[in-house]
Engineer: 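Starting off with a structure, shown below.
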There are 2 protein chains.
Amino acid sequence: MSAIAAALGVSAATVSNALSGKGRVSPELAEKIRTKAAELGYVPSLTARALRTGRSGVLGLVLPNIGNPLFPQIAQAIENAAADAGYGVLIADSRGNNNMQTLAIQRLMERQVDGIVVVPRFGTRIGDLGCPVAVIDSPSTPGNTVSSDHWQGGQLVADHLAGLGHRNFVLIGANPQSNVQNDRIGGMKSRLPKDARVEVVWIEKIEAVSGPGCPLGLMDKIERGFTAFAASNDLHALRAVTELQRAGIRIPDQASVVGFDDLAWSSVVSPAITTVRQDMAAIAEIAVNALLAVIDQENAEIPEAGGIAIAQHDRVPMTLVARQTSGRPAIFNSQGNTIKGEIR
Amino acid sequence: MSAIAAALGVSAATVSNALSGKGRVSPELAEKIRTKAAELGYVPSLTARALRTGRSGVLGLVLPNIGNPLFPQIAQAIENAAADAGYGVLIADSRGNNNMQTLAIQRLMERQVDGIVVVPRFGTRIGDLGCPVAVIDSPSTPGNTVSSDHWQGGQLVADHLAGLGHRNFVLIGANPQSNVQNDRIGGMKSRLPKDARVEVVWIEKIEAVSGPGCPLGLMDKIERGFTAFAASNDLHALRAVTELQRAGIRIPDQASVVGFDDLAWSSVVSPAITTVRQDMAAIAEIAVNALLAVIDQENAEIPEAGGIAIAQHDRVPMTLVARQTSGRPAIFNSQGNTIKGEIR
DNA sequence: CTGAAAGCGCTTACAG
DNA sequence: CTGAAAGCGCTTACAG
C-alpha cells in the first residue's frame, strides 16, 4: 500500500479509501490507484487490517471428530458459506474427550476468530464463550442454533416404509445418548402405523459385548418376521445391507433398508441405499449468517456486550432420496400383506 | 499485555520478554508477570504478533475435493501435526475446476499463511507460489513432497492375493489419469504371478456409458473365471463386494476383494474389507515439518529467497490390513488350484 | 476531495 | 536486568 502511495505521490489514507471504495476519493484518482495496485500486484495485509479493525475475517469450525464420515459434508458446506461471505475457516478437532473440545475452542479464540461454528460432542453444552457461537446439532440440544429437523426426517422414513407395506420395523441406532439419533428414531416411532411391531437395536450396546464390527443379529429379526430396517445413518444402513445380503437375503425383495445422511458411498453400492439427506448448504448458510449478524452488531453497538449465544433454533427440513434398497418388496401385495411364505 | 504492565508498573517490553521466556528478565519479575498474566486471563494477540513478526502461525490446507471420503483422514492428520507444532489450519476446497484451486491458494496467501499443504487435482502442477508448499499426492507427481508409496501398496495387494492362490485378477480403478491410482495398479501388476490373467476395469469409462452407480459387470468376470478383485480404493472395493454379494457370490469363499485406504466403513461392513492403509500421521508430520523447515530458514536467512518448493519425495510405506473379504477362498486347494467347480 | 496523525498489540534492536 | 522507541500495514476520525 505504501508502495502504491509512493508511486503515485498520494497518501496511504487515500489509497486505503480508494481501494475500499469508501467514497471520498475522486473517481479519477481512485481509478489510477486501482490500476497501480493491480500493476504492482498489491495484496492487502489481512493481518494488519485485523489488528486495526479487531476483526480477523476468520471463522472457527469445531467438530467432535474429524474422522466422522459426515464431516466432509459439513466442512464443505461451512467452507463454502464462509468463503462466499469473504471469511476463511480454521478447523479444530475435539476428538477424544470434552476437554479437547474446550481446548480447541480456546485455540481458535486465541487466533482471534470472529465467530465459531461448533458441532458439539454428546452431552456437552456450549456456554457463553465471549465470542459469537453457532451450534449445529439437533433441535433437542440446548443452545442449538440450526440443524436438520431430524424428527421430521424420521417421520419421512416411517411414512416411506409404511407406504411400502411394512408393519414390522427394526430401528437401528448407535448410541442412545446422541440427540440426533434420538430425534431420528423418535420421529420414526411417532409415525409408525398403529399395528406396527417395533424393535430398536443399539449398536454400541451389542458391540460392547461382541466387539466392534460384530454381526448385529439382523437375521434373527428376519426370522422373527421383521422386514423393514431403518438405520439412524447410512453407515449403519450399509452394515445392515451387507449383513443381510451376505446371509442370502435379497434387498429389496425380502427386506427394505433405509439410512440417513446420503454419505459418499450410499448411491454407489449395490443396491443403492435409500436415505434421508440433510440440506447442509442451507444449514451452513444459516449458521454463518447468524454468526455474521452478531459480529456486525457487535461492531455497531456497544462492544462490551461480549459473546452472545445465538438462539434461533432453526430447523431445516430433510428430504428422502428413494433408491433401490427400498423398492417395493416382492413379499407384499398391494394391500401390504405378505404374499410369499419364504419369510414369515 | 499493557494491562499487565500497568498493574505491575513495568514496561510492555519486559512483559513480552518474560512471557516469551527469552531470558533477560530476572526470574522473580518473570514469575510475578506470569502470575499476573494468569490472574488477568491474559491471552496474547496472535494477530499483533503476526503483524510484527511476519508469521501468522497458520498453515493452509488445499484439497481437491473436501467431499472426498479420504479427506477426513488427511484433514485430521494435518490438523494434529499442525496443532502439535503450535499452528492453526485454514482449509480451502478447490472443488470444481483447476481455477478454483488457484483461487483457493490465493485466498490462503492473502490471509498470510506461513505455508500451504496441497493435495493437487489430477494433472495440475503446483509451481513456485512465493510461499512454502508441501505437495501430497504420489511419488509420480512432479513436485511431490511426501506421500504413501502407492506402488509398494499395490505390491502388497498382489502378494497377498497371489498368496491366497488367486491367478485370475480383476483390477478396479476409477480414472487412469490419477497418479495415485496408476501407481497402485502399476504396483499390483508388477508383482502378479507370471501365469496370472489380468483385466483392468476403469469405472469412469463404464459410467460414462451406463451412468453413475451402474453395475460394473463383475459377474461377467466371475463367469469368465476371475476370482480376485483388487480395487484402487475401498469405495470401489465396497461396490464390488455388494455387487457380487447381491448376485449371490459368497465372499471370501468364491472370490476375494481388496481395497485401499481403510475408509470409515471398511471394518464394519459384512464381510469386513481387506485393505491397505496409509500412514497419514507420518505423512502429515513430514509435510508439516518440511513446511516448518522452510519457514524457519526463510526467517533466519535472506528473506528475499521467497517461496521455495520443497522437493524431498518421501515415500511412506503402506500396510496391509487383512480382513474377511480375503480369507482363504474355499475354491482353492493348498496349491492354489481350483477344487470346486461351481465357479470355473 | 485529500492528507497528517494516531493507534490496533505486539517484538526487537538499542540504550541505560 | 529493565525501559523507551520504533515499526509491522492497515483504518479511521479529524483537519484542511
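To find a chain, count down the sequence lines: A is the first, B the second, and so on, and within it residues start at 1.
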Engineer: Measure CZ/A:Arg49 against C1'/D:dT12 and give the value in whole Å, please.
Structural biologist: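 Rounding to the nearest Å, CZ of A:Arg49 and C1' of D:dT12 are 13 Å apart.
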
Engineer: What is the distance, to the nearest angstrom, from the CG atom on B:Asn17 to the P atom on C:dT12?
Structural biologist: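 The distance from CG of B:Asn17 to P of C:dT12 comes to 9 Å, rounded to the nearest Å.
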
Engineer: In whole angstrom, give the distance that lies between atom CZ of A:Arg52 and atom C1' of D:dG7.
Structural biologist: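 That distance rounds to 16 Å.
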
Engineer: Any chance the side chains of B:Gln278 and B:Ser148 put a donor and an acceptor closer than 3.5 Å?
Structural biologist: yes

Engineer: Would you give the length of the straight line joining atom CG of A:Asn289 to atom CG of A:Asp296, rounded to the nearest 0.5 angstrom?
Structural biologist: 10.0 Å

Engineer: Can you tell me how far C1' of D:dT12 sits from CG of A:Leu51, to the nearest Å?
Structural biologist: 14 Å

Engineer: Do the side-chain N and O atoms of A:Asn179 and A:Thr141 include a donor-acceptor pair separated by under 3.5 angstrom?
Structural biologist: yes

Engineer: Within the 3.5 Å criterion, strictly below it, is a donor on A:Asp93 or B:Gln76 matched to an acceptor on the partner's side chain?
Structural biologist: yes

Engineer: When all nucleic acid strands are considered with a 4.0 Å heavy-atom cut-off, which category describes B:Leu46: base, sugar-phosphate, or nothing?
Structural biologist: nothing

Engineer: For a quick check of understanding: with a heavy-atom distance under 4.0 Å over all strands, which category does A:Ser45 fall into, base, sugar-phosphate or nothing?
Structural biologist: sugar-phosphate

Engineer: Pick the nucleotide of DNA chain D nearest each of B:Val10 and A:Ala48; which residue has the one closer to the 5' end?
Structural biologist: B:Val10

Engineer: Taking OP1 and OP2 of C:dC1, is either one under 4.0 Å from a side-chain nitrogen or oxygen of A:Ser26?
Structural biologist: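 No, no such contact exists.
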
Engineer: So which nucleotide from C:dG9, C:dC1, D:dT11 ends up closest to the side chain of A:Pro27?
Structural biologist: C:dC1

Engineer: To the nearest Å, give me how far apart CZ (A:Arg55) and C1' (D:dG9) are.
Structural biologist: 18 Å

Engineer: Search all heavy atoms of B:Ile4 against all heavy atoms of B:Lys36 and return the closest pair with its distance.
Structural biologist: CG2-CG, 4.0 Å

Engineer: Looking at C:dT2, C:dG9, C:dT12, which one has an atom nearest to any side-chain atom of B:Thr53?
Structural biologist: C:dT12

Engineer: Taking the minimum atom-to-atom distance to the side chain of A:Ala13, which one of D:dG9, C:dA5, C:dC10 wins?
Structural biologist: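 Given the options D:dG9, C:dA5, C:dC10, the side chain of A:Ala13 is closest to C:dA5.
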
Engineer: Go through DNA chain C and write down every stem, that is, every run of at least three consecutive Watson-Crick or G-U wobble pairs with distances under 3.5 Å, as range with range.
Structural biologist: C:1-3 with D:14-16, C:5-12 with D:5-12, C:14-16 with D:1-3

Engineer: Using only heavy-atom distances, determine whether the side chains of B:Tyr42 and B:Arg34 contain a donor-acceptor pair under 3.5 Å.
Structural biologist: no

Engineer: Starting at atom NZ of B:Lys32, determine the distance to atom P of D:dC1, rounded to an integer number of angstrom.
Structural biologist: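 So the two atoms are 15 Å apart, to the nearest Å.
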
Engineer: Look at the side chain of A:Thr14 and decide which nucleotide, out of D:dT2, C:dG3, C:dC10, has an atom nearest to it.
Structural biologist: C:dG3

Engineer: I need the B:Asn65 CG to B:Arg121 CZ distance, nearest 0.5 Å.
Structural biologist: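 So the gap between those two atoms works out to 8.5 Å.
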
Engineer: Using whole Å, what does the distance between atom P of nucleotide D:dC8 and atom CG of B:Asp114 come to?
Structural biologist: 18 Å

Engineer: In this structure, how many angstroms lie between the P atom of D:dG9 and the CG atom of A:Leu19, rounded?
Structural biologist: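 These atoms are roughly 16 Å apart.
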
Engineer: Which listed nucleotide (D:dT2, C:dT12, C:dA4) is nearest to the side chain of A:Ser11?
Structural biologist: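 Output: C:dA4.
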
